[in-house]
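Working notes, structure below.
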Protein chains: 2
Amino acid sequence: MPKAYEEIADDLRRSIRTGGLPPGARLPAETELARRFGKSVPTIRNALRMLSAEGLIDKRHGSGTFVRRPRTRTLRDNTRLQWDKDRARMPEATRAATGATEHETGLVLDDLVFFARYRELGAPGDLAEAFGVPPGTVLLERTYRTRCSAEPAPFSLVSSYLVRDLIAANPALLDETREPWPGGTQHQLRTVGIEVARVEERVTARPPTPEEARELDLPAGTSVIVLRKTSYDIHGRVVDVSVVTLPGDRTELLFTTHLERW
Amino acid sequence: MPKAYEEIADDLRRSIRTGGLPPGARLPAETELARRFGKSVPTIRNALRMLSAEGLIDKRHGSGTFVRRPRTRTLRDNTRLQWDKDRARMPEATRAATGATEHETGLVLDDLVFFARYRELGAPGDLAEAFGVPPGTVLLERTYRTRCSAEPAPFSLVSSYLVRDLIAANPALLDETREPWPGGTQHQLRTVGIEVARVEERVTARPPTPEEARELDLPAGTSVIVLRKTSYDIHGRVVDVSVVTLPGDRTELLFTTHLERW
DNA sequence: GAGTGGTCTAGACCACACG
DNA sequence: GTGTGGTCTAGACCACTCC
């Protein structure tokens with residue numbers, strides 16, 4: 001027996017894919033759809049919930065159900081890592097003038113609103129393993145939120161971890177009021193003699209937690225991209241671990257790999 | 001006024017996060033939960049649907065609701081691109097002996113089940129633009145499904161596109177029965193004198209379409225990672241565009257970036 | 001067969017958007 | 001104010017799983 005709500009969802013999905021219902025279009029009211037399909041309102045709602053979970057529609061309380069428009073994506077490019085490294089050797093004036101790049105995204109801090117918070121904690125198991133230190137070693141946790149001044153929601157949630165003893169030689173690095181630091185993390189590390197030689201970025205995706213959905217202003221039917229970044233210095237030692245949570249509907253990651261010539 | 005189903009969802013979510021309900025544990029029946037929380041069954045179902053969408057629980061018709069266990073992730077490493085390139089110059093015996101790497105994933109074709117289908121089509125707008133050719137130019141579309149012999153579902157959906165005239169010099173490249181090709185795409189391109197110098201991989205994430213959920217056997221509350229791979233030859237010409245769809249609950253992408261020394 | 005979640009109905013009342 | 005979707009109830013019947 002065909003399930004009514006799936007048939008209805010299929011029907012509407014087809015209309016959306018073929019363009020019969022273009023992006024931004026308003027769907028008929030649920031009561032109207034119930035009448036047309038000859039089913040009850042809860043059944044219609046069931047069908048619409050499927051489409052909502054797939055990210056095809058947005059339901060707006062009080063005004064209707066609309067076909068979702070694709071979001072414009074911000075690009076996050078791994079060549080920014082080299083660019084950051086080059087910049088870390090520039091004089092402060094230059095570093096400040098180029099505009100501090102937004103941490104972890106590669107955007108420029110011009111019309112960006114920036115927020116940072118520092119906290120010390122004992123390394124939990126997974127971070128201790130990542131750094132190769134005993135569990136409980138004191139880490140500095142730095143939490144960042146950055147957003148365009150135009151948009152209300154941040155475009156990334158960043159937690160960066162450093163081993164405190166590795167950077168304590170420069171007390172300024174422990175002071176959150178010095179953020180945003182001109183030149184970024186690579187310059188901060190340079191002030192204590194650390195040079196980053198290699199960065200590993202691990203990418204996964206999953207649905208957002210309610211907290212992430214709230215902070216990133218994510219509608220139903222979207223995913224987050226979770227990027228776990230590990231920075232190694234020239235001796236192969238782990239010097240920074242960052243966890244970056246990005247909105248899947250607004251973010252594109254670009255990784256360029258150069259191959260050796262034959 | 002607090003919403004009942006959110007309160008219930010929060011309560012259960014807390015139990016799951018703190019470990020009060022460990023992975024694999026069965027939740028009480030919906031009727032039982034309704035009794036405990038003093039709400040109707042549909043309200044309980046509403047709360048459970050939230051947790052399901054977040055990927056915290058699995059509902060199994062007939063047997064109950066369970067806390068989801070994290071899946072083990074397969075790693076997809078961008079250093080495989082160089083490895084593939086090196087292998088493309090090996091003699092056929094070596095290429096076959098190393099086991100043809102699974103296209104786009106870096107796994108070895110030992111206990112892998114492999115399926116390929118070829119088709120020609122006129123380039124639609126986005127692909128024509130990516131290749132820098134006029135729309136309608138004939139492309140070869142190659143569709144791959146690969147899975148572990150143990151698992152029923154494939155671990156990636158791959159569509160690879162080549163400009164037919166660029167590879168037609170070797171008719172074997174147009175023959176799907178030659179798959180799996182020992183040495184992979186980079187060796188295939190080598191047979192017509194093409195050397196890949198650079199690969200760009202663009203990563204996004206979103207909820208699966210119903211078709212993807214079916215093919216990849218994705219439960220509710222998971223995402224897909226979409227990887228759009230563009231290969232450039234030594235003259236900067238685009239020679240391959242691939243779209244790879246990966247299950248977000250079973251996949252981790254690893255990108256390593258080496259930085260120049262100071 | 002007993003128990004589970006899945007589908008569907010019918011309707012009441014509330015919260016929100018917009019004119 | 002009017003119409004929209006959001007929440008919640010109460011219950012019937014079906015389909016699946018497992019003993």
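We name chains A, B, ... by the order of the sequence lines, and we start the count at 1 in each one. Only a predicted model underlies this, so the values are computations on that prediction, with no experimental measurement involved.
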- [ ] Counting heavy atoms from C-beta on, name the nucleotide in dT7(C), dG6(C), dT9(D) closest to the side chain of Glu30(B).
- [x]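 Closest nucleotide to the Glu30(B) side chain: dG6(C).
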The nucleotide from dC8(D), dT9(C), dT4(C) with an atom nearest the side chain of Ala29(B) is dT4(C)
Note to self: If you compare every side-chain N and O of Tyr5(A) against the phosphate oxygens of dC8(C) (OP1, OP2), does one of them come in below 4.0 Å?
What the structure shows: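 No, Tyr5(A) has no side-chain N/O under 4.0 Å of OP1/OP2 on dC8(C).
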Which residues satisfy the ring pair (Phe, Tyr, Trp, His ring centres under 6.0 Å) test with Tyr118(B), sequence neighbours excluded?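 Counting only residues at least two positions away or on another chain, Tyr118(B) forms no ring pair (Phe, Tyr, Trp, His ring centres under 6.0 Å).
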Taking the side chain from Thr18(B) and the backbone from Arg14(B), do they hold a donor-acceptor pair closer than 3.5 Å? yes
Whole Å only: how far is the [atom1] atom of [X] from the [atom2] atom of [N]?
{"X": "Glu6(A)", "N": "dG6(C)", "atom1": "CD", "atom2": "C1'", "result": "11 Å"}
{"X": "Glu32(B)", "N": "dT4(C)", "atom1": "CD", "atom2": "P", "result": "9 Å"}
{"X": "Leu33(A)", "N": "dT4(D)", "atom1": "CG", "atom2": "C1'", "result": "12 Å"}
{"X": "Lys39(B)", "N": "dT7(D)", "atom1": "NZ", "atom2": "C1'", "result": "10 Å"}
{"X": "Arg35(A)", "N": "dT4(D)", "atom1": "CZ", "atom2": "P", "result": "12 Å"}

Review point. Under a 4.0 Å heavy-atom cut-off, which of residues 42-66 of chain A touch DNA chain C?
Key: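 Residues of residues 42-66 of chain A under 4.0 Å from DNA chain C: Pro42(A), Thr43(A), His61(A), Gly62(A), Ser63(A).
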Do Arg250(B) and Phe155(B) meet the cation-pi criteria used here (NZ or CZ under 6.0 Å from the six-membered ring centre, within 45° of the axis)?
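No, Arg250(B) and Phe155(B) do not form such a contact.
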Q | Comparing Ala4(A) and Leu27(B) on DNA chain C - which has the more 5′ nearest nucleotide | A |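 Result: Leu27(B).
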Among Arg76(A), Arg73(A), Glu201(A), which residue satisfies the side chain to side chain contact (heavy atoms under 4.5 Å, CB included) criterion with Leu253(A)?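 One option only clears the test, and that one is Arg76(A).
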Rounded distance [0.5 Å steps], CG in Leu51(A) versus CZ in Arg68(A):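 If I round to the nearest 0.5 Å, the distance is 11.0 Å.
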* Worked verdict on Arg71(A) versus Thr222(A) for side-chain hydrogen bond (donor to acceptor under 3.5 Å, both in side chains) -> CA-CA 11 Å; Arg71(A) 304 275 311 242; Thr222(A) 55; over 6 Å; no
